[in-house]
Amino acid sequence: MDSREATRQYRLNQWAQRIRECRSSGQKIADWCAEHGLSETTYFYWLKRVREAACEALPALNAEKNPIVPVNIAFPVADADHKRQDSSADIVVSLGAVSLEIHNSAAPALIENTLRALQNVR
């Protein structure tokens with residue numbers, strides 16, 4: 001690491017600490033900056049730099065490590081005599097705006113494949 005990179009890392013660490021102090025103070029950013037003799041522009045500049053550095057430090061998603069899990073769905077043959085009287089789901093899994101409903105009549109292989117796929121959802 002050269003001296004320029006070491007200086008950059010030092011400043012990022014210092015500003016990350018200041019940002020934590022500001023956020024944990026319970027004060028508004030403007031008030032905290034005024035109390036510490038900083039301009040809000042400087043604070044937000046360093047907040048942006050710290051966030052960028054944090055994003056760069058995240059590991060890249062690797063398709064080989066996180067493969068897409070295929071889900072084999074066996075579609076049952078429609079039986080005219082078999083009608084589900086209760087249409088409410090027995091299990092409901094919600095992730096954000098997406099809901100997955102599972103009924104007791106679901107095939108075990110479908111449930112197993114669905115749960116395997118959900119393990120890879122982030």
Side-chain angles (χ1 to χ4, degrees):
M1 176 185 306
D2 64 358
S3 63
R4 184 174 282 175
E5 181 61 23
T7 301
R8 178 182 169 276
Q9 285 297 320
Y10 176 79
R11 288 182 179 155
L12 282 171
N13 288 334
Q14 291 296 315
W15 273 98
Q17 180 60 35
R18 288 179 181 165
I19 291 165
R20 280 192 293 273
E21 288 172 13
C22 175
R23 292 198 172 177
S24 65
S25 73
Q27 295 177 305
K28 292 181 180 178
I29 293 172
D31 296 338
W32 187 88
C33 287
E35 185 177 303
H36 289 85
L38 300 169
S39 74
E40 287 182 65
T41 305
T42 301
Y43 174 88
F44 285 110
Y45 168 80
W46 280 103
L47 177 62
K48 178 182 175 184
R49 298 288 302 264
V50 168
R51 285 179 175 168
E52 287 172 348
C55 287
E56 289 170 5
L58 290 173
L61 293 178
N62 187 339
E64 293 174 9
K65 291 182 182 177
N66 298 312
I68 295 174
V69 178
V71 177
N72 299 320
I73 300 175
F75 293 100
V77 177
D79 183 1
D81 295 332
H82 178 70
K83 291 184 181 177
R84 184 163 177 84
Q85 294 175 352
D86 180 14
S87 64
S88 64
D90 298 301
I91 298 174
V92 178
V93 178
S94 297
L95 292 168
V98 178
S99 289
L100 171 69
E101 296 183 0
I102 302 174
H103 297 273
N104 277 339
S105 61
L110 173 64
I111 295 171
E112 180 182 352
N113 287 333
T114 302
L115 293 175
R116 281 192 184 149
L118 287 175
Q119 288 176 333
N120 293 299
V121 174
R122 292 182 185 226

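- Taken to the nearest 0.5 Å, the CH2 atom of W46 stands 11.0 Å off from the CD atom of E52.
- When the side chain to side chain contact (heavy atoms under 4.5 Å, CB included) test is applied to R23, the partners found at least two apart in sequence or on another chain are I19, Y43, L47, R51.
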Which pairs would a plain distance check flag for residues 29-37, meaning a side-chain donor or acceptor within less than 3.5 Å of a matching protein atom at least two apart in sequence or in another chain?
unit_1, atom_1, unit_2, atom_2, d
W32, NE1, H36, ND1, 3.4
E35, OE1, Q27, NE2, 2.9
H36, ND1, W32, O, 2.9

Which side-chain N or O atoms in residues 5-14 pair as donor and acceptor under 3.5 Å with protein atoms at least two apart or in another chain?
unit_1, atom_1, unit_2, atom_2, d
E5, OE2, R8, NH1, 3.2
E5, OE2, Q9, NE2, 3.2
T7, OG1, S3, O, 2.8
N13, ND2, Q9, O, 3.2

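- The minimum heavy-atom distance between A16 and V50, with the atom names listed, is N-CG2, 4.0 Å.
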